[in-house]
Structures are given as structure tokens and as C-alpha cells.
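Reading through the C-alpha cells given below for one structure.
Remember, it's 1-based here, ligands and their atoms both numbered in the order they're listed.
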Amino acid sequence: CTKKAKMAKDNTNGLAMCRVLLAELEAHQDAWPFLTPVNHKAVPGYRKVIKKPMDFSTIREKLANNQYLNLETFIIDVNLVFDNCEKFNEDDSEIGRAGHNMRRFFDERWTELLM
Ligand SMILES: Cn1cc(C(=O)NCCCNC(=O)c2ccc(F)cc2)ccc1=O
């Protein structure tokens with residue numbers, strides 16, 4: 001097949017992996033803080049501190065709207081969820097710990113799927 005066709009196949013495989021990884025993230029017991037956008041009316045300071053909010057439902061929406069070019073652009077958004085969490089929450093807090101647990105789970109899973 002041509003290089004272009006191979007690229008297209010890789011992107012198809014990459015997007016299939018995005019769906020698998022997102023479903024596993026959503027099913028994780030520590031996913032609850034990340035399933036929906038943070039309600040900035042209920043969480044004082046969030047809108048000021050976090051410049052690029054991201055959550056699993058927004059990622060699912062973007063995936064459904066074909067807004068991820070490949071696995072890399074998907075991983076950037078998932079990491080944004082965890083980076084925002086670390087910025088806004090103490091490590092020693094329920095949501096802070098959930099973020100660390102989810103990041104560790106995600107890093108282990110996508111490297112397993114790729115290796
Ligand atoms: C990531 N982050 C989240 C919050 C936060 O307060 N998030 C809402 C938690 C409440 N949401 C739930 O409890 C829930 C949601 C869906 C579901 F299916 C089950 C439970 C605050 C700061 C922050 O940095």
C-alpha cells in the first residue's frame with residue numbers, strides 16, 4: 001500500500017485505541033471527578049486558574065466529532081485533564097489522589113497497547 005494509505009490505516013488503528021482507552025478511563029472507579037466539565041459556578045477560582053478546562057465527556061464529544069487527528073492529539077487532551085487536576089488540587093486530597101491514580105492507570109494502559 002502507499003505511504004498515505006499506511007498513514008490512514010495507522011490513524012484508523014490509533015482512533016480505535018482512543019475509543020478503547022477512553023472507555024477504560026470512564027469505567028475507572030476514580031474517574032468521577034473527571035466525567036463531566038468542572039462546574040466553575042460551584043468551584044470558586046476554577047475558571048481563573050484553569051485556562052484550558054478538559055474532561056472525559058468533552059473528549060468523548062471531540063472523538064465523536066472526529067476532532068482528534070491521531071492517538072497523539074488524544075493523549076494531549078487526556079494529559080490536560082490530569083495536569084489541570086494537579087494544578088488545582090492538593091496532592092493529598094480526594095480529587096488530587098484520584099488524578100494521580102488515573103494518570104498512572106492511563107500511562108500504563110496506552111504504553112501496554114502501543115508496545
Ligand atoms: C477535576 N475537578 C473536579 C471537581 C469537582 O468537584 N467535580 C465534580 C465532582 C462531582 N461529580 C460527581 O460526584 C460525579 C459526577 C459524575 C458521575 F457519574 C458520578 C459522580 C473539582 C475540582 C477539580 O479539579
Side-chain angles (χ1 to χ4, degrees):
C1 62
T2 65
K3 186 168 179 333
K4 198 162 180 221
K6 187 192 173 311
M7 283 295 289
K9 187 165 62 66
D10 289 353
N11 282 349
T12 306
N13 298 343
L15 289 175
M17 276 177 53
C18 292
R19 284 186 197 89
V20 166
L21 287 165
L22 182 57
E24 292 186 6
L25 288 170
E26 290 168 332
H28 195 286
Q29 69 165 20
D30 293 337
W32 57 271
F34 315 108
L35 292 174
T36 52
V38 175
N39 176 353
H40 54 76
K41 294 191 185 67
V43 184
Y46 198 80
R47 185 160 47 183
K48 180 83 175 131
V49 172
I50 300 301
K51 301 307 179 195
K52 291 174 70 181
M54 189 47 65
D55 71 284
F56 296 161
S57 71
T58 302
I59 292 174
R60 179 155 293 285
E61 189 70 20
K62 288 179 73 172
L63 200 53
N65 299 341
N66 209 21
Q67 288 176 258
Y68 292 117
L69 278 176
N70 47 37
L71 182 61
E72 288 74 18
T73 51
F74 168 82
I75 289 174
I76 287 166
D77 264 0
V78 174
N79 283 329
L80 178 57
V81 173
F82 304 142
D83 294 343
N84 289 344
C85 183
E86 271 204 65
K87 182 170 188 181
F88 195 80
N89 300 278
E90 295 295 327
D91 290 338
D92 187 21
S93 68
E94 195 177 4
I95 291 177
R97 264 189 303 281
H100 288 299
N101 290 349
M102 292 300 298
R103 185 199 293 276
R104 186 181 317 110
F105 171 78
F106 180 66
D107 285 346
E108 285 164 4
R109 274 305 281 147
W110 78 259
T111 45
E112 263 173 46
L113 287 175
L114 265 194
M115 301 305 163

Tell me if a side-chain donor or acceptor on Asn13 pairs with a main-chain N or O of Ala16 at a distance below 3.5 Å.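 Here the side-chain-to-backbone pair does not exist.
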Is there a donor-acceptor contact under 3.5 Å from the side chain of Ser93 to the main chain of Asn89?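 Absent.
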If you scan the protein for heavy atoms around atom 4 (C) of ligand 1, do you find one that is closer than 4.0 Å?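 Within 4.0 Å: yes, protein heavy atom nearby.
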I'd like to check atom 10 (C) of ligand 1 in this structure: does the protein have a heavy atom lying under 4.0 Å from it?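 So atom 10 (C) of ligand 1 lacks protein heavy-atom neighbours under 4.0 Å.
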So do Asp91 and Arg97 actually touch side chain to side chain, heavy atoms under 4.5 Å?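 No, their side chains stay 4.5 Å or more apart.
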Answer yes or no: is there a side-chain heavy-atom contact under 4.5 Å between Leu71 and Leu113?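 Answer no - side chains too far apart.
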[atom]: the protein heavy-atom neighbour that sits closest, reported with distance to 0.1 Å:
atom	value
atom 13 (O) of ligand 1	Trp32 CE3, 3.8 Å
atom 2 (N) of ligand 1	Val38 CG2, 3.5 Å
atom 1 (C) of ligand 1	Pro33 O, 3.5 Å
atom 18 (F) of ligand 1	Leu35 CD1, 3.3 Å

Taking the inter-plane angle between the rings of Phe88 and Tyr46 on a 0 to 90° scale, is it parallel (under 30°), tilted (30 to 60°) or perpendicular (over 60°)?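 Ring orientation, 0 to 90° scale: perpendicular.
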Within a distance under 4.0 Å of any heavy atom of Phe34, pick out the atoms of ligand 1 and give their elements.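 Once the distances to Phe34 are compared, the set is 1 (C).
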Can you list the ligand 1 atoms lying under 4.0 Å from a non-hydrogen atom of Tyr46?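 With Tyr46 as reference, the close atoms of ligand 1 come out as 24 (O).
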Answer with side chain, backbone, both or neither: which part of Ile95 has a heavy atom less than 4.0 angstrom from an atom of ligand 1?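 Ile95 to ligand 1: side-chain contact only, backbone stays beyond 4.0 Å.
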Counting only nitrogen or oxygen atoms and a 3.5 angstrom limit, does Asn89 reach ligand 1?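 Right, the criterion is met.
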Take a 6.0 Å sphere around CG of Asp92 and say whether it holds more than 12 heavy atoms from other residues, nucleotides or ligands.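 Not buried by this count: 12 neighbours or fewer within 6.0 Å.
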Do NZ/NE/NH1/NH2 and the carboxylate oxygens of Lys6 and Asp10 come within less than 4.0 Å?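 A salt bridge is present here (some side-chain N lies under 4.0 Å from a carboxylate O).
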